[in-house]
Amino acid sequence: RLVNAQQSMERDYIRLRHAETRYRLLFQVSSEAVMIVDASNNAILEINTAALALLEESAPRVLKSNLSSHFDSADAEPVQTLLSNVRATGRDGNIRARLAKVDQECFVAVSQFRQENATLFLVRLLSQEAPP
C-alpha cells in the first residue's frame, strides 16, 4: 500500500509539473498583455512579454511595483478604484485608462481568482478600440 501511495503521489506531482509548464508557456507566448497582481497590495507578481512591451519596461523594474503606478497620474486613482471594486464584489470589471510611459490609452480588464490562500487579480491590458 505504501508503494502504491508513493507512486500515486509521484504521478500527481508529474501531472502538476506538466500543467505548470503549459501555463508558463501559454502565459509567455500570449500576444495579449497579461499580469498577475496581488489583491492585498496591488503589486505585480507576474507579467508576460506582451505586457512588458506595451508598458515599455523591463521585468525587474515592474515586478513588485504597484499596478496603478504604470498609469497616467489622472488614471491611477480610477485603476485603484477598479481593483478595490473587483476585490469587494468578486465581479470582473474594466475601465479605459492611459498608460504613463507610452502615453497610450487602453482597456484595463480585471478578474479575481484564488490560488492557495491568496487572492489574486488577472489583469489584461487591451489596446484595441472595443472593451473586453
Side-chain angles (χ1 to χ4, degrees):
R1 276 188 270 163
L2 181 61
V3 170
N4 285 339
Q6 180 67 30
Q7 288 174 339
S8 177
M9 285 177 41
E10 288 176 12
R11 282 191 299 272
D12 289 346
Y13 178 72
I14 289 169
R15 275 194 293 268
L16 182 62
R17 268 196 5 234
H18 288 340
E20 185 174 346
T21 300
R22 286 189 299 271
Y23 156 77
R24 293 267 174 225
L25 181 61
L26 181 61
F27 187 76
Q28 288 305 321
V29 301
S30 174
S31 60
E32 187 172 272
V34 179
M35 294 177 267
I36 305 297
V37 176
D38 186 335
S40 66
N41 60 11
N42 300 337
I44 298 171
L45 300 177
E46 295 183 51
I47 185 167
N48 71 354
T49 52
L52 287 170
L54 183 63
L55 295 174
E56 293 185 3
E57 289 284 2
S58 65
R61 291 186 53 131
V62 173
L63 293 175
K64 305 281 189 222
S65 67
N66 190 295
L67 175 65
S68 63
S69 69
H70 299 282
F71 292 91
D72 185 78
S73 58
D75 289 329
E77 188 174 327
V79 169
Q80 284 291 113
T81 301
L82 170 64
L83 295 173
S84 296
N85 289 343
V86 171
R87 185 182 310 107
T89 65
R91 290 190 308 220
D92 298 355
N94 65 71
I95 61 167
R96 197 168 194 54
R98 184 167 293 282
L99 297 170
K101 192 170 184 179
V102 294
D103 193 35
Q104 175 183 342
E105 207 171 66
C106 67
F107 278 99
V108 182
V110 180
S111 301
Q112 182 176 288
F113 69 98
R114 294 200 44 84
Q115 181 177 346
E116 296 173 2
N117 293 329
T119 301
L120 304 171
F121 294 128
L122 174 68
V123 177
R124 298 178 302 136
L125 303 178
L126 308 165
S127 58
Q128 57 257 36
E129 295 300 315

Review point. Does the side chain of Glu56 reach to within under 4.5 Å of the side chain of Leu99, using non-hydrogen atoms?
Key: no
Exercise for the section: Return yes when atom NZ of Lys64 has more than 12 non-hydrogen atoms of other residues, nucleotides or ligands closer than 6.0 Å, and no otherwise. Expected result: no
(message) Are more than 12 heavy atoms, taken from residues, nucleotides or ligands other than Glu105, located less than 6.0 Å from that residue's CD atom?
(response) yes
Q.
Within the structure provided, determine whether Asn4 and Gln7 are in side-chain contact (heavy-atom separation under 4.5 Å).
A. yes
*Is the closest side-chain heavy-atom distance between Thr81 and Asn85 below 4.5 Å?*
yes
Passes side-chain contact (heavy atoms from CB on, under 4.5 Å), Asn42 versus Gln80? Steps please. CA-CA 8 Å; Asn42 300 337; Gln80 284 291 113; 3.3 Å; yes
Other residues, nucleotides, ligands: >12 heavy atoms within 6.0 Å of Arg91 CZ:
no
Value for CD (Gln6) from CZ (Arg1), rounded to nearest 0.5 Å, stands at 15.5 Å
task: Flag the pair His70 / Leu54 as yes when at least one side-chain heavy-atom distance between them is below 4.5 Å, and no otherwise.
output: no
Problem - Test log, rule side-chain contact (heavy atoms from CB on, under 4.5 Å), inputs Glu20 and Arg24 - result: CA-CA 6 Å; Glu20 185 174 346; Arg24 293 267 174 225; 4.1 Å; yes
Value for CG (Leu83) from CD (Gln112), rounded to nearest 0.5 Å, stands at 10.0 Å
Heavy-atom nearest pair, Ala100 first then Ser69, reads CB-O, 4.5 Å
In terms of heavy-atom contacts, Leu125 and Leu55 come closest through CD1-CD2, 4.2 Å
Check your understanding: Do the non-hydrogen side-chain atoms of Arg87 and Thr119 ever get within less than 4.5 Å of each other?
Key -> no
Nearest heavy-atom approach of Leu45 to Leu120 is CD1-CD2, 3.7 Å
Checking Asp75, Val79, Val110 against Ile95 for side-chain contact (heavy atoms from CB on, under 4.5 Å), the one that qualifies is Val79
>> Do Val34 and Phe71 sit in one hydrophobic cluster, given that two such residues count as connected whenever their side-chain heavy atoms are within less than 4.5 Å of each other, even indirectly?
In response: no
* Give the C-alpha distance, both sets of side-chain angles, the deciding distance and a yes or no for side-chain contact (heavy atoms from CB on, under 4.5 Å) between Phe121 and Met35. => CA-CA 8 Å; Phe121 294 128; Met35 294 177 267; over 6 Å; no
When rounded to the nearest 0.5 Å, the distance separating CG of Leu67 from CD1 of Ile36 is 11.5 Å
Requested in this report: Take atom OH of Tyr13 as the centre, draw a 6.0 Å sphere, and report whether it contains more than 12 heavy atoms from other residues, nucleotides or ligands.
Outcome: no
Start with the C-alpha distance between Val62 and Ser65, add both sets of side-chain angles, then the distance that settles side-chain contact (heavy atoms from CB on, under 4.5 Å), and finish with yes or no. CA-CA 5 Å; Val62 173; Ser65 67; 4.2 Å; yes
When rounded to the nearest 0.5 Å, the distance separating OG1 of Thr49 from CZ of Phe27 is 9.0 Å
Shortest non-hydrogen pair, Ile44 vs Ile47, comes out as CG2-CB, 4.2 Å
On a heavy-atom basis, the closest approach of Ser68 and Asn66 is OG-OD1, 2.8 Å
Looking only at heavy atoms, the pair that brings Pro78 and Ala74 closest together is CD-O, 3.5 Å
